[in-house]
Amino acid sequence: MTLHNLIQIADLAKYEGQEITLRGWVYDRTDKGKLQFIQLRDGTGIAQCVAFKKDMDETEFANASKLSQESSLVITGTVRKDDRAPGLPGGYEVGIKTLQLVHHAEDYPITPKEHGVEFLMDNRHLWLRSSRQWAILRIRATIVHELRNWLDDHGYLLVDTPIITPAAGEETTTLFQLDYFGEPAYLAQTGQLYNEANMMAFGKVYCFGPTFRAEKSKTRRHLIEFWMLEPEMAFFSLEDLMDMEEQLLSHVVKAVLAKHQRELAILERDLNKLEQITAPFARISYDEAVERLQKLAAETQDPEQKALLAIEWGSDFGSPHETAIAEMFDRPVFVYHYPTAVKAFYMQPVEGRPEVCRSVDLLAPEGYGEITGGSERIYDSELIEQRVATIGLPREAYAWYLELRKFGSVPHAGFGLGLERTVAWICGLPHVRETIPYPRILNRKYP
RNA sequence: UCCGCAAUAGCUCAACGGCAGAGCAAUCGGCUGUUAACCGAUGGGUUCUUGGUUCGAAUCCAAGUUGCGGAGCCA
């Protein structure tokens, strides 16, 4: 078959008046008898291809009238401007000259009508072809690209951390255990401890990869396997960390707005909300957050809501608390100096107030909750030894980590950013299950 | 793990103690501007499972399974 002038649908408008070749899949079709409208999808966009009986070979037109959803084909034809033409980007269509069927799809299950969550999740491998998923995963790719771009351009070095680890990175989470030639090993829940070693070698580093938590969490914000970006910086204070995070995230949001107007339109995202995401973000202490929540709870009439908002100083925030705090601001808000007891063992205590630590979480607006969590790390050798002993961690497993404090220990800080939560927020999605191609959630690992 | 809700055609749902139904999809036919096209026709059912109540159960009851929403835990 001839494939002269093979183009991508995203570039269709550049070829007005020219004869071109497209390859792709039937997204939808309208049959008008002697006239067929084929919406052809090639991964870069959707083009309306019009088959007129009188313009085509009789057999090829007959094939066109039998096309089923998701059948694959190669067409040649002439590009013309037509305001009636739907598609992505739309406004141009192709008058078909030849049409070759590559494969006839039979009974494609996902139709243009509505479907339930369970059905779509069972058909995730096919659901990815739908325009909404197309939009989300393209934005996800840009978010990853822009996060890495910004870091690479600002002197941060990508240093990969292992996925198979001999011990937990944090004391709280349940890990997936592996059989490592007869010895137990675990899937990483964070690259943080290795980042601290890498930071001492390279100054400013980050790791980016999948992390695994065997928690039986069943919420709109949890995945069993999720991707985390973790920068770690030598000589950084908590304030440096917040400055850096707001620069990084406002850059990413700006880039998505610049590159993905079409995708955001498909998702019906409120662009005003994203345009507000500029540095500086709001900053409040844990103490102030608790006070504000207590005041809000006191003023709340609905008893159910009142109970959800109730909080005592010293407790970690639940999902309703995070949402309530975030709603008090029109941009992301940093909450810093959490109680030491609810945070990880390696977080630096506040001087003169050891009951709170130099930690900071970033809460996204619109109820998306915590998207980053970070802190200054303990760099004093004796203090970190003491914390490991108090928590009851097996010292031998952490010996290498503790040794970092013996050779030129420095103040340092870092954070972890949950990629899927960030994608859900920027895309305005109700659930993280659509932010990753093949979500691993409680009781689901297929497909 | 706890609380709440649900499960009926390939899909989305209706029928709520008395004949198992619609729209979409599929198949066949018609139509030269469709945007979730429209019009006509055809095929399509272990009503999640097990047990119980009843003359009679998709419908009521019990247990289980699966899913969804929320809580907790967290990024």
Side-chain angles (χ1 to χ4, degrees), chain A residues 27-39 46 48-55 61 65-66 68-70 80 82-88 90-91 93 95 105-123 126-127 131 169-174 189-192 210-230 304-305 307-308 315-323 342-344 361-364 368-374 415-425 430-433 435 441-444:
Chain A
Y27 194 66
D28 201 3
R29 191 174 66 90
T30 303
D31 186 340
K32 297 276 296 175
K34 295 186 178 70
L35 173 65
Q36 312 275 334
F37 295 100
I38 299 158
Q39 307 304 326
I46 298 174
Q48 169 154 285
C49 301
V50 185
F52 274 107
K53 193 171 188 180
K54 65 179 174 56
D55 292 343
F61 184 83
S65 67
K66 286 187 200 125
S68 56
Q69 198 188 349
E70 290 302 319
R80 61 182 176 239
D82 192 318
D83 292 337
R84 294 169 297 185
L88 285 170
E93 65 181 21
E106 274 191 53
D107 296 330
Y108 184 71
I110 301 179
T111 65
K113 290 274 184 167
E114 58 196 314
H115 298 286
V117 172
E118 187 183 8
F119 176 78
L120 289 169
M121 291 298 285
D122 284 343
N123 290 286
L126 304 175
W127 188 22
S131 60
E170 287 172 8
E171 64 274 24
T172 49
T173 320
T174 315
Q189 101 234 74
T190 170
Q192 135 99 53
T211 51
F212 309 88
R213 303 202 177 170
E215 289 287 349
K216 298 216 165 182
S217 301
K218 197 179 84 65
T219 80
R220 60 176 65 190
R221 327 211 249 243
H222 284 85
L223 292 167
I224 302 300
E225 175 183 307
F226 68 99
W227 285 66
M228 189 153 66
L229 177 84
E230 296 179 273
E304 201 176 321
Q305 193 61 22
L308 283 171
S315 312
D316 204 353
F317 298 134
S319 176
H321 301 120
E322 285 184 358
T323 302
V342 302
K343 289 291 180 182
D361 285 359
L362 181 63
L363 308 183
Y368 284 95
E370 184 183 353
I371 54 172
T372 80
F415 69 95
L417 174 141
L419 178 67
E420 288 75 17
R421 287 185 183 179
T422 305
V423 175
W425 162 52
H431 200 295
V432 291
R433 64 184 159 226
T435 63
I441 56 184
L442 194 60
N443 298 333
R444 177 179 287 281

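Model, not experiment: these values are computed from the prediction. All chains are named by letter (A, B, ...) in the order of the sequence lines, taking the proteins before the strands, and each is independently numbered beginning at 1.
- Taking atom P on both nucleotides, B:U50 is separated from B:U59 by 13 Å, rounded to a whole Å.
- In this structure, A:Leu442 and A:Ile224 approach most closely via the heavy-atom pair N-CG1, 4.0 Å.
- Of the nucleotides present, B:C28 is the one that pairs with B:G40 by Watson-Crick or G-U wobble criteria, both distances under 3.5 Å.
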Filtered N/O pairs between nucleotides 22-28 of chain B and protein, under 3.5 Å:
none

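- In this view, A:Phe317 and A:Tyr286, A:Tyr338 satisfy the ring-ring contact (aromatic ring centres under 6.0 Å, His included) rule, not counting sequence neighbours.
- The phosphate of B:A37 (OP1 or OP2) has no side-chain N or O of A:Arg84 nearer than 4.0 angstrom.
- For A:His222 and B:C74, a side-chain-to-base donor-acceptor distance below 3.5 Å is present, hydrogens and geometry of angles not being considered.
- Among B:G33, B:G10, B:A37, the nucleotide with an atom closest to any side-chain atom of A:Phe119 is B:G10.
- The same atom, P, is picked in B:G43 and in B:A7; the two are 28 Å apart, to the nearest Å.
- Checking B:C11, B:A37, B:A71 against the side-chain heavy atoms of A:Asp28 singles out B:A37 as nearest.
- You'll find the side chain of A:Val117 reaches within 4.5 Å of the side chain of A:Arg433, heavy atoms only.
- At a threshold of 4.0 angstrom between heavy atoms, the contacts of A:Gly116 are confined to the sugar-phosphate backbone, with no base atom among them.
- Here B:A71 presents its C1' atom at 17 Å from NZ of A:Lys216, a figure rounded to the nearest Å.
- Side-chain contact between A:Phe119 and A:Ile110 is present, with heavy atoms from C-beta onward closer than 4.5 Å.
- Of the candidates B:A71, B:U34, B:C74, the closest approach to any side-chain atom of A:Lys32 belongs to B:U34.
- When the P atom is used for both B:C5 and B:A22, the distance is 31 Å, rounded to whole Å.
- Relative to the side chain of A:Glu118, the nucleotides B:G33, B:U66, B:U12 differ in distance, and B:U66 lies closest.
- With hydrogens and angles ignored, no donor-acceptor pair under 3.5 angstrom links the side chain of A:Asp316 to the base of B:C73.
- In this structure B:C5 sits in a base pair with B:G67, meeting the Watson-Crick or G-U test at under 3.5 Å.
- If you check every strand for non-hydrogen atoms under 4.0 Å, A:His321 touches nothing.
- Annotation: B:C28 and B:A71 have their P atoms spaced 50 Å apart (nearest Å).
- You'll find the side chain of A:Lys54 stays beyond 4.5 Å of the side chain of A:Lys34, heavy atoms only.
- Using modelled atom types and a 3.5 Å distance limit, the side chains of A:Thr190 and A:Glu230 yield a donor-acceptor pair.
- Looking at the side chain of A:Arg213, the nearest of the listed nucleotides B:A75, B:A71, B:C73 is B:A75.
- B:C73: no Watson-Crick or G-U partner with both key distances under 3.5 Å is found in any strand.
- Rounded to whole angstrom, the span from the NZ atom of A:Lys218 across to the C1' atom of B:U66 amounts to 12 Å.
- A:Pro109 comes within contact range of no nucleotide atom at all, as no heavy-atom separation falls under 4.0 Å.
- Evaluation of atom-type donor-acceptor distances gives no pair under 3.5 Å for the side chain of A:Arg433 against the base of B:C68.
- The residues A:Arg80 and A:Asp82 are annotated as not salt-bridged, no charged nitrogen and carboxylate oxygen being separated by less than 4.0 angstrom.
- Counting distance only, with no hydrogens placed and no angle test, the side-chain atoms of A:Gln36 and the base atoms of B:G33 include no donor-acceptor pair under 3.5 Å.
- Look at the P atom in both B:A9 and B:U47: the space between them is 10 Å, to the nearest Å.
- Using C1' as the reference atom, B:U65 and B:G23 are 30 Å apart when rounded to the nearest Å.
- Rounded to whole Å, atom P of B:C11 lies 12 Å from atom CD1 of A:Ile110.
- Applying the Watson-Crick and G-U wobble criteria (two distances, each under 3.5 Å), B:U54 pairs with nothing in any strand.
- Distance NZ/A:Lys216 to NE2/A:His222: 15.0 Å, rounded to 0.5 Å.
- You'll find that the side chain of A:Met228 is closest to B:A75, out of B:A75, B:A71, B:C74.
- To the nearest 0.5 angstrom, A:Tyr27 atom OH is 8.0 Å from A:Tyr108 atom OH.
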